[in-house]
Amino acid sequence: MASQIQDRLTTDQDLLLMQEGTMMRKVRTKTWKKPRYFKLQSDGMTVWHARQAEGIAKPTFSISDVETIRKGHDSELLRCLTEEFPLEQGFTIVFHGRRPNLDLVANSVEEAQIWMRGLQLLVDLVTSLNYQEQLDQWVSEWFHRGDRNQDGRMSFEEAQRLLHLMNVEMDQEYALNLFQEANVSQSDTLEGEEFVQFYKALTKRTEVEQLFENFSSDGQKLTLLEFVDFLREEQKEKDHAPDLALEFIDLYEPSESGRLLHVMSKDGFLRYLCSKDGNIFNPDCLPVYQDMTYPLNHYYINSSHNTYLLRDQLCGQSSVEGYIRALKRGCRCVEVDVWDGPGGEPIVYHGHTLTSRILFKDVMATIAQYAFQSSDYPLILSLENHCSWEQQQTLAQHLTDILGEQLLNTTIDELLMDKLPSPEQLQRKILVKGKKLRAIEDIEVDEEEEEELEKDEDSDVDPGTYPELDTQLQPESQELVSGNKDDEVVACPMSCLLICGHILAQDPSTIPGSSFLSNQDSRTISCPDLSALVVYLRTVPFCSFIHSKENYHIYDVSSFSETKARNLIREEGNEFVQHNARQLCRVYPSGLRTDSSNFHPQEFWNAGCHMVAMNMQTAGSAMDICDGFFRQNGGSGYVLKPEFLCDIQSSFNPERLISPYKAKILLVQVISGQQLPKVDNIKESSIVDPLVKVELFGVPEDTRQQETNYVENNGFNPYWGQTFCFRVQVPELAILRFVVKDYSWTSRNNFIGQYTLPWTCVKQGYRHISLLSRDGTSLHPASIFVYICMREDLEKHREELEAEKSTEALSPPTYKSLKIQSQRKDQSRIKAPRQRLGKDA
């Protein structure tokens with residue numbers, strides 16, 4: 001069971017000292033700083049802490065949860081405490097997902113260096129593990145958890161407890177039989193390799209073995225031709241099957257003789273199915289695979305709302321960490337709400353609320369450092385400017401000085417203004433989206449139209465959808481005055497719209513007609529220096545689609561509240577699609593979402609809305625959809641829209657489909673699950689009753705869900721074998737989500753894990769789905785095993801479709817017997833499940 005990590009635990013000096021334990025200060029806030037004793041456990045994978053060296057210890061974190069280690073100088077919190085602690089003695093542990101960072105201060109610089117080096121070494125080792133090493137490490141972790149008295153051996157009583165930890169209730173006689181078969185030393189305890197054999201017996205995949213035997217002539221191996229047949233017929237690899245068969249045998253066949261003879265064993269077959277090549281997400285869609293030379297308005301753009309907030313919209317903490325997390329997730333449009341601050345320094349916070357304040361220059365420094373760590377494609381700063389003339393000049397100075405050459409402050413050479421530049425042309429550039437100066441005489445927003453806008457936005461939230469809240473507590477998302485965050489501004493003549501504003505270089509009080517704009521609550525005058533930095537993305541108010549078509553240009557951007565956008569889609573869906581084919585738009589959450597909840601972005605993507613801004617700090621199905629959708633194309637934050645959403649003459653209307661658009665049939669068989677985790681806070685003795693819900697999101701007519709029966713008391717290797725059928729009218733817009741839940745007859749089913757991906761990235765055939773936590777972090781090795789089949793929706797297949805819809809077995813026909821056999825062999829040994837019929841929504 002030895003692995004790289006176990007080897008280093010006994011030889012690396014830093015890791016040896018970490019296993020002895022260290023007293024450090026845990027820092028939560030400027031006032032909460034308490035000593036805690038931290039110790040690396042002997043498994044090398046978990047760190048525990050206690051109030052004192054001899055105190056009761058409890059787990060703090062797992063190494064697999066750690067993303068990176070930062071120095072004290074890079075900690076926003078520790079920088080505020082330099083008078084108490086030297087920054088060299090501090091460091092920050094950054095976790096995957098939305099888990100808060102852990103700030104620690106050691107008693108000396110040397111101790112801090114030991115922990116930083118040691119933790120980073122372990123993180124690097126875990127990241128570099130291959131499939132077999134991951135399996136070895138996983139087995140080692142289970143042995144460590146099951147060996148309750150830590151004597152290096154496991155008794156049958158400890159093995160029974162381990163089964164409960166593993167989330168399975170097994171017949172005692174059957175469990176004892178497996179234990180005794182593995183106990184070749186006859187010592188009544190399992191050691192080393194004996195436990196490995198016990199673990200293998202527990203994780204035996206009967207359904208995979210019988211699938212293997214369906215294609216193997218001798219039941220022992222797959223010849224090259226047999227493996228090619230499997231890849232071509234079941235995995236839909238088509239003409240690539242022969243080359244892929246050779247490649248996969250070289251990659252996944254463990255025996256050297258098998259690789260030389262070009263055959264695949266059962267172990268190699270299972271390795272392939274559990275690898276990235278056997279994953280449901282098409283590996284061809286993981287790198288940047290789309291054409292990035294189209295104009296910006298041809299792409300969906302991963303966007304964040306109130307990026308600086310880590311929690312709610314009223315009292316939440318503002319932090320540069322919000323920008324770091326968003327940018328590392330691939331976000332390409334971040335929001336910066338800027339207000340006048342003390343000492344002439346602009347601040348960022350949610351105006352007129354109790355959210356904390358951070359300096360604008362600190363936000364810019366963070367963006368300069370992290371803007372292109374996850375993606376080289378352009379980053380958009382959605383600048384919501386509420387500053388005075390003087391502090392706007394400071395804004396412009398900070399943008400220019402801190403961002404430097406990253407900031408786009410002029411048009412791209414020789415690019416005509418009949419279309420926006422492409423992501424390719426704007427690589428590693430930061431664009432400011434904001435207000436732009438125009439000549440006063442060019443402002444032609446009708447007073448009646450303005451009044452109508454205010455009415456629309458004042459009734460921003462559908463009371464039937466969201467709970468009634470005190471709207472006076474809601475600031476900026478409701479729009480401060482007119483209801484639109486992108487308030488109208490004074491602007492330069494058309495001749496200098498892009499490179500701003502020499503005609504307004506004087507103080508605003510000297511501008512002719514400035515008395516017309518004296519009410520700063522309704523109109524904000526941008527200073528020329530700041531306006532000059534708005535090159536391609538000028539924010540303008542939305543009046544109507546006709547008004548936008550007649551008065552706005554390709555570089556004009558309008559923002560819509562979620563309710564305004566939703567109403568426009570329902571009432572003028574096709575006009576909205578055409579509008580979004582001409583120019584960019586942004587949709588943001590309702591101001592009544594004070595808890596930082598999210599809407600589902602799909603309904604706005606259906607209409608071609610580009611920047612659908614999400615509260616990225618809040619986990620849930622909406623963020624699962626967003627993260628799953630933007631996982632493709634290299635995680636670049638840009639995804640090319642379907643052609644029919646880029647055509648300014650498009651007839652597409654997501655609410656009223658004229659006819660099925662290349663409609664397809666999707667068949668999903670949910671076969672089995674593997675090593676599902678326990679639900680949060682569940683008792684050690686309690687075991688989950690898992691079910692799988694398959695959700696399809698797309699245009700309204702395509703959006704539906706179906707779920708399996710639940711399997712009682714088995715989260716370790718549950719078997720379902722149920723098939724669902726979906727008719728998908730617009731597959732280009734479809735997103736597939738698999739959710740595993742713990743059935744409860746007394747309350748709502750509890751979330752266990754999920755995985756979400758676009759239709760265009762789904763691989764057909766027998767596939768594993770690696771589950772993610774609520775925060776989007778890996779739950780390795782938890783997975784579900786499925787069969788996916790996509791077919792054209794042809795009339796001649798209608799009767800066949802109806803027949804398939806009523807059965808649980810999926811082609812090939814041999815799989816029907818496979819299902820029955822595996823269910824009887826495995827689950828009868830566990831506990832007969834009480835099942836219910838799945839729902840079809």
Side-chain angles (χ1 to χ4, degrees), residues 289-303 332-333 377-378 415-426 536-537 540 542-560 565-587 601-612 629-630 632-633 636-664 697-702 728-735 758-761 793:
Y289 70 99
Q290 295 179 336
D291 188 342
M292 302 301 282
T293 62
Y294 287 100
L296 280 180
N297 56 313
H298 283 230
Y299 297 85
Y300 297 112
I301 304 172
N302 195 353
S303 303
R332 295 290 84 193
C333 177
Y377 291 100
L415 181 66
L416 298 177
M417 284 310 300
D418 59 343
K419 65 179 181 179
L420 287 169
S422 69
E424 187 76 26
Q425 292 171 306
L426 295 169
Y536 286 113
L537 305 175
V540 294
F542 175 79
C543 300
S544 69
F545 291 126
I546 293 176
H547 177 273
S548 296
K549 186 175 182 179
E550 293 177 350
N551 295 277
Y552 292 155
H553 307 274
I554 52 100
Y555 44 79
D556 289 332
V557 185
S558 295
S559 289
F560 303 86
R566 188 176 291 117
N567 289 337
L568 288 171
I569 292 172
R570 290 171 180 170
E571 297 168 5
E572 302 176 82
N574 178 243
E575 289 81 356
F576 208 171
V577 168
Q578 293 181 0
H579 171 88
N580 291 331
R582 283 193 304 272
Q583 61 193 75
L584 290 166
C585 89
R586 179 174 180 268
V587 178
Q602 182 71 51
E603 59 182 318
F604 306 110
W605 290 336
N606 290 341
C609 298
H610 313 83
M611 295 173 281
V612 180
F629 180 69
F630 283 107
Q632 63 179 309
N633 208 32
S636 63
Y638 287 83
V639 173
L640 194 61
K641 298 196 298 183
E643 288 185 14
F644 57 83
L645 292 179
C646 300
D647 180 5
I648 59 174
Q649 303 296 327
S650 176
S651 61
F652 180 76
N653 185 336
E655 296 289 319
R656 301 176 185 86
L657 300 178
I658 299 174
S659 61
Y661 191 83
K662 298 181 181 178
K664 290 193 175 182
F697 298 94
V699 296
E701 292 186 36
D702 288 345
V728 187
Q729 299 202 64
V730 190
E732 294 88 343
L733 293 175
I735 292 177
W759 171 285
T760 52
C761 299
D793 183 23

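Source: prediction; values computed, not measured. Residues take their numbers from the sequence shown, with the count starting at 1.
- Summarising the geometry, atom CD1 belonging to I301 is positioned 5.5 Å from atom CG belonging to L296; distances are rounded to the nearest 0.5 Å.
- Taking the side chain to side chain contact (heavy atoms under 4.5 Å, CB included) definition, one finds that N574 meets it with Q578, N653, sequence neighbours left out.
- Take E572 and apply the side chain to side chain donor-acceptor pair (under 3.5 Å) test, not counting sequence neighbours, and it matches no residue.
- Qualifying ring-ring contact (aromatic ring centres under 6.0 Å, His included) partners for H610, counting only residues two or more places apart in sequence or in other chains: none.
- Between the OG1 atom in T760 and the CZ atom in F629 there is a gap of 7.0 Å [rounded to 0.5 Å].
- The side chain to side chain donor-acceptor pair (under 3.5 Å) test applied to Q583 returns no partner, not counting sequence neighbours.
- With sequence neighbours left out, the side chain to side chain contact (heavy atoms under 4.5 Å, CB included) criterion links E701 to L657, Q729.
- The 12-atom threshold is exceeded at CZ of F545, counting heavy atoms of other residues, nucleotides or ligands nearer than 6.0 Å.
- For the pair M611/V557, a side-chain contact is recorded, criterion being any heavy-atom separation below 4.5 Å from C-beta on.
- A centroid separation of 6.0 Å or more is found between the aromatic rings of F604 and F560.
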Problem set entry | Derivation of the ring-ring contact (aromatic ring centres under 6.0 Å, His included) call for Y552 and H547 | CA-CA 8 Å; Y552 292 155; H547 177 273; 5.2 Å; yes

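- Residues passing the side chain to side chain contact (heavy atoms under 4.5 Å, CB included) test with A734, sequence neighbours excluded: L696, V728, W759.
- Looking at L733 and W605, their side chains never come closer than 4.5 Å, going by heavy atoms from C-beta outward.
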